[in-house]
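Take a look at the structure below.
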2 protein chains.
Amino acid sequence: MKVNGTAMIVTRKYSISPETIKRMITYLRYLEIQKKKGIRIISSKDVTSYLNVPPEQFRKDLSFFGGFGKRGVGYEVERLIKTIKKILGLDRKTRAILAGAGRLGAALIQYPGFSGINMDIIAAFDNDAGKIGKQLKSTRIYDIRNIGSFIRKSRVRVAFLCVPADSAQSVADSLVRAGIKGILNFAPVALVLPAGVYVGNVDMASEIGNVVYHMKITN
Amino acid sequence: MKVNGTAMIVTRKYSISPETIKRMITYLRYLEIQKKKGIRIISSKDVTSYLNVPPEQFRKDLSFFGGFGKRGVGYEVERLIKTIKKILGLDRKTRAILAGAGRLGAALIQYPGFSGINMDIIAAFDNDAGKIGKQLKSTRIYDIRNIGSFIRKSRVRVAFLCVPADSAQSVADSLVRAGIKGILNFAPVALVLPAGVYVGNVDMASEIGNVVYHMKITN
DNA sequence: TAGATTGTTAATCGATTAACAATC
DNA sequence: TAGATTGTTAATCGATTAACAATC
C-alpha cells in the first residue's frame, strides 16, 4: 500500500502474534549491525541468514504491516530500520519503572541489550530500607509504598516486575490500580489481572527446565 | 498405560513441544504450593485455575506421557509431583556451569526460582581478572580460558551463557567443542550451532519490545 | 530483456480447544 | 447408582512453509 509515494504502515489492533513482534526485534538488531558495516541494501535471505529463520518468515512478518522492499532488489537497510522501529513503537522513548531492585532488577536496569529499544527506566522501587535512596546506575530507588502515587503523577505505563514470587500478585495489583498497562513479569507466577493489561512473562526456571528435559531425552 | 499396577511414564524422543514442557514446570510449581497447604487430591480444574491455562490443556499435556489421574476423582498431588519431576528429569540434580559472571550471571546464580528444579551450578567463568578467584554465593569464578578443560574433566553438559553479545557465538563454540549439549542463551544473538545441541533463548530486549508494541496498539 | 527478489495466496503443519466415552 | 472427572479422539484455529505471480 502506497500513500504519497511512501509505503504506509498499517497499524493493526491485536491479531499479530507475539512471535512475529519478537522476531521483528531480532531483525532490527541484525539490520543495525549490517548498517554499521555500511550495508545499504539487503535481501530477506541475507537478513535471516544468521537468525535461524527462513526468509519467507521475514517477508510474511513484514507483510502484516505493509510492503517495504523492492521486488528484484531487496530492502533499503536504513529505511527498513526506521520503519520497524516505528511499527514497534521504538521510535519514541518508552518510560518504565522497575518494581523490585534486587539482583535481577539491578541486572535488568543495566542490561546492555536495552540500548536500541529506547527504554527510559525513570525510577526503581523496593521495600528494603537499605536500598531506598540509593541509585542503580542513574536510576533512583524509592520506597515501594510510594509506587502508586509515582505512577499516577508520572503517568508511566510500563513496569518491570522483579519482586519475589510471593508478593508478585499484590504488587502487580497495585501497579494496575495506579494505571500501569504493560508488565514484564520475571516472577515465577502467573499473574491474574484485568483485560486490557498486557503481561509478558520471562520464566527463567521453566526455560532451564526445558533445556534439562532436552538433555534427558537426548541421552 | 499400566505396568505392574503403576502408571508408566512414556519417554518420548522429540515431538513434545517446548510449550508443553514449560507449562509442566508451572504445574509442578503450583502443585508444590498446594502440597505445602496439605492438599492431597487435586483436579485438572484446580491445578490450572490460577495459571491462565484451561484444564484440558493440562490433561492433554500429561497425556503425552501417560495417564496419572483417577477418573471421577483427580490426581494425587504428591505422586503427580514425583511423576512430573521424573518426566522432566528434575528428580536428579543437573549440573551446569555459568559462562559470564556479570550482573545477569550473578543474578541468575542466586535466582530463588531455581529451588525446586534441582540445578547445581558447579562453576562460573569470566575473563575479568578482578572476578577470577572470587565466589558468587557458593560458586567459584574461574578464568574463562579454562572453561573447555573444566567441561571435559567434569563432564558437565549444561551451560548458562551470560557473556556480552559480541562474544556469545565464540564462547558457545568453545562450550560445544568441549561437550556441552544444552545452552540457555541470554545474549541477544541467534547462536549457530551443530544439530544435537539444544539452545534455549531468553531474549529480554525482545520481550520488552513486545510489551512496548502492545502499549502502542492499545492506545 | 533476463535474473532476482518481493509480496501474497495457498497448502501444510502443529498446537489448542471442544466434546465425550470411559470409569472412578 | 448418580455425579464427577479423567484420558483421548475429533474439530478448530493459527502459525509456518511452500509456491508463484508481480515487478524491479
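So that the names make sense, note that chain A is the first sequence line, chain B the second, and so on, each numbered from 1.
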Please report the C-alpha distance between A:F186 and B:Y111 in whole Å, then the side-chain angles of each, then the deciding distance to 0.1 Å, and finally whether the ring pair (Phe, Tyr, Trp, His ring centres under 6.0 Å) criterion is met.
CA-CA 11 Å; A:F186 288 82; B:Y111 184 56; 9.0 Å; no
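- Rounded to whole Å, atom P of D:dT8 lies 16 Å from atom CD of B:Q57.
- Counting only heavy atoms from C-beta on, A:R71 has its side chain closest to C:dT5 among C:dT5, D:dT5, C:dT17.
- Summarising the geometry of B:R152 relative to B:R177, their closest heavy-atom pair is NH1-O, 3.5 Å, with the distance given to 0.1 Å.
- When rounded to the nearest whole Å, the span between CZ of A:F64 and P of C:dT9 equals 12 Å.
- Taking the side chain as every heavy atom from C-beta outward, B:L98 and B:C162 approach each other to under 4.5 Å.
- Look at CZ on A:F65: it is 18 Å from P on C:dT6, rounded to the nearest Å.
- To the nearest angstrom, C1' of C:dA15 lies 11 Å from CD of A:E19.
- Contacts between residues 27-49 of chain B and DNA chain C, defined by a heavy-atom separation under 4.0 Å, are absent.
- Taking atom CD of residue B:E76 and atom C1' of nucleotide D:dT6, one finds them 15 Å apart after rounding to whole Å.
- Judged by atom type and distance alone, A:R59 reaches the base of C:dG7 through a side-chain donor-acceptor pair under 3.5 Å.
- Among the duplex regions that DNA chain C forms, those built from at least three successive Watson-Crick or G-U pairs under 3.5 Å are C:3-24 with D:3-24, ordered by first number.
- Within the 4.5 Å cutoff, no side-chain heavy atoms of A:T94 are placed close to those of B:V211.
- Mapping A:P54 and B:S63 onto DNA chain D by nearest heavy atom places B:S63 at the nucleotide closer to the 5' end.
- Checking B:Q57, B:E56, B:R59 one by one against B:S44, the side chain to side chain donor-acceptor pair (under 3.5 Å) holds for a single residue, B:R59.
- The one candidate from B:Y27, B:F64, B:Y30 that meets the ring pair (Phe, Tyr, Trp, His ring centres under 6.0 Å) condition with B:F58 is B:Y27.
- We find that CZ of B:F58 is positioned 16 Å from C1' of C:dT16, with the value rounded to whole Å.
- Of the candidate nucleotides C:dT16, C:dT9, C:dG7, C:dG7 has the atom lying nearest to any side-chain atom of A:Y75.
- For the pair A:I144/A:D126, no side-chain contact is recorded, criterion being any heavy-atom separation below 4.5 Å from C-beta on.
- Between the CG atom in B:D173 and the CG atom in B:L191 there is a gap of 8.5 Å [rounded to 0.5 Å].
- When rounded to the nearest whole Å, the span between CD of A:E56 and P of C:dA10 equals 17 Å.
- In this structure, the nucleotide among D:dC24, C:dT16, D:dA15 sitting nearest to the side chain of B:K60 is C:dT16.
- Proximity of A:F125 to A:V163: side-chain heavy atoms (C-beta onward) are nowhere separated by under 4.5 Å.
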